[in-house]
Amino acid sequence: MSKLIVTPESTPGADGRVLAVTPASAGWKYVGFEVFRLLPGQTLSRSTGDNEACLVLLSGRADVRTNREIWVGIGQRMSVFEKIPPYSVYVPADDTYEVTALTELELAVCLAPGTTRLPARLIEPDAVGVELRGSGSTERLIHNILPESEAADSLLVVEVFTPAGHWSSYPPHKHDRDALPDESLLEETYYYHVQPEQGFAVQRVYTDDLTLNETLAVRDGETVLVPKGYHPVSAPPGYEVYYLNVMAGPVRTWKFHNDPAHAWLMPPRK
Ligand SMILES: O=C(O)C[C@@H](O)[C@H](O)C(=O)CO
């Protein structure tokens, strides 16, 4: 198994956690990522410490409380494949959160260093930027949950639906050099769901010199680490692919560089 794939636990821990990526486990500096599966009535309580957090209700409904705020009965979709934007909660560093599941809940906790103390806030579905990107067999649906136009210290969070037989994160691009204004350095995680769930996605992660050159078959519930390099994704015919991306780095901006070999595939800018 590739070191870039993180597999979930088959049984959740006592706190409901099925998957965890930390900077230490990934061998990088900024991005942390966890997935919890909570049963109705189960509560997850955490302090954010030095990190800011974006809690994404992937599926199910919950009450969410922070030090100063409470949101009751949030969440709408019961499967990511309903393809409606999710409810999310931004929690700054030095705060706490308590999530009580009202239904079965799949919760993603996206983490990165918090430097200021922005107020905690609810990100409602209406505030999520919905975008159709690409055309033909590269058309995919994007939900910009926490883009750089919205306040946060480090985190960028986006979810992508790739129809069966389509490609996304395509043409291949990378963001692994702190060389603004041309390119930003962002670590990235990809958390996958596949429908039907026996399917798989294919993701290639490679650098120009091919010292990193992996082609991964990724299953439902797995996470791919993208520490550097280009990282295109393909959804096989018959299998719809969902992923949630978390990105963070020294500067909170997404400036990517296309693989020059394939940049000709980029649609001309209008
Ligand atoms: O365009 C897409 O299909 C999604 C990607 O941009 C993805 O969010 C990513 O690779 C970000 O670097």
Side-chain angles (χ1 to χ4, degrees), residues 4-5 21 26 28 30-31 33 54 56 58 80 83 85-86 88 108 110 112 128-150 152 154-194 201-208 212 214-216 218 222-236 239-259 262-263 265-269:
L4 297 182
I5 298 184
V21 173
W28 59 29
Y30 299 95
V31 171
F33 181 68
C54 180
V56 182
L58 295 172
V80 296
K83 291 186 214 128
S88 305
C110 314
V128 171
V130 177
E131 186 189 336
L132 266 185
R133 197 176 288 167
S135 62
S137 56
T138 65
E139 188 175 277
R140 65 269 192 193
L141 173 67
I142 314 276
H143 288 164
N144 289 302
I145 296 169
L146 190 52
E148 64 190 77
S149 54
E150 301 299 321
S154 319
L155 276 172
L156 296 166
V157 180
V158 57
E159 63 179 11
V160 179
F161 299 84
T162 311
H166 284 215
W167 287 74
S168 59
S169 295
Y170 197 84
H173 69 262
K174 71 178 183 78
H175 35 71
D176 59 12
R177 286 188 317 132
D178 190 1
L180 288 168
D182 300 324
E183 186 174 344
S184 54
L185 193 168
L186 295 170
E187 303 160 352
E188 184 167 20
T189 52
Y190 274 69
Y191 176 62
Y192 280 90
H193 275 305
V194 181
V202 176
Q203 183 161 29
R204 185 173 176 212
V205 184
Y206 67 101
T207 51
D208 286 308
L212 174 61
E214 297 207 28
T215 302
L216 311 166
V218 193
E222 292 183 331
T223 291
V224 170
L225 307 176
V226 181
K228 60 181 176 180
Y230 307 100
H231 41 274
V233 172
S234 154
Y239 294 103
E240 214 177 343
V241 169
Y242 164 90
Y243 52 81
L244 177 73
N245 291 138
V246 183
M247 290 180 275
V251 183
R252 186 171 178 256
T253 187
W254 183 49
K255 290 282 178 295
F256 60 86
H257 170 78
N258 288 309
D259 182 342
H262 308 298
L265 290 159
M266 272 306 269
R269 285 184 197 274

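Numbering of residues begins at 1 and proceeds along the displayed sequence. Ligands are counted one by one from 1 in listed order, and the atoms in each one are counted from 1 as well. Only heavy atoms go into these numbers, but all of them, side chains included; no hydrogens, no water, no symmetry mates.
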> List the residues meeting side chain to side chain contact (heavy atoms under 4.5 Å, CB included) with Leu216, not counting sequence neighbours, and say none if there are none.
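For Leu216 the side chain to side chain contact (heavy atoms under 4.5 Å, CB included) partners, ignoring immediate neighbours, are Ser2, Leu4, Ile5, Val205, Glu214, Val218, Val224.
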> Counting N and O atoms only, with roles assigned by atom type, does the side chain of Arg140 sit under 3.5 Å from a partner on the main chain of Ser135, one being a donor and the other an acceptor?
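Pair absent, no side-chain N/O of Arg140 close to backbone of Ser135.
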> Can you measure from CG (Leu212) to NZ (Lys174) and round to the nearest 0.5 angstrom?
12.0 Å
> Using distance alone, with no hydrogens and no angle criterion, decide if Tyr243 and Gln203 have a side-chain donor and acceptor under 3.5 Å apart.
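Not at all, the side chains of Tyr243 and Gln203 share no donor-acceptor pair under 3.5 Å.
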> Report the relative orientation of the aromatic rings in Phe161 and His143; use parallel for angles under 30°, tilted for 30 to 60°, perpendicular for over 60°.
perpendicular
> Tell me if a side-chain donor or acceptor on His231 pairs with a main-chain N or O of Gly229 at a distance below 3.5 Å.
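The answer is yes, because a donor-acceptor pair under 3.5 Å joins these two groups.
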> Mind jotting down which protein residues get a heavy-atom contact under 4.0 Å with ligand 1? Chain and number order, please.
Arg133, Arg140, Ile142, Val158, Val160, Ser168, Ser169, His173, His175, Glu188, Tyr190, His231, Tyr243, Asn245, Met247, Trp254
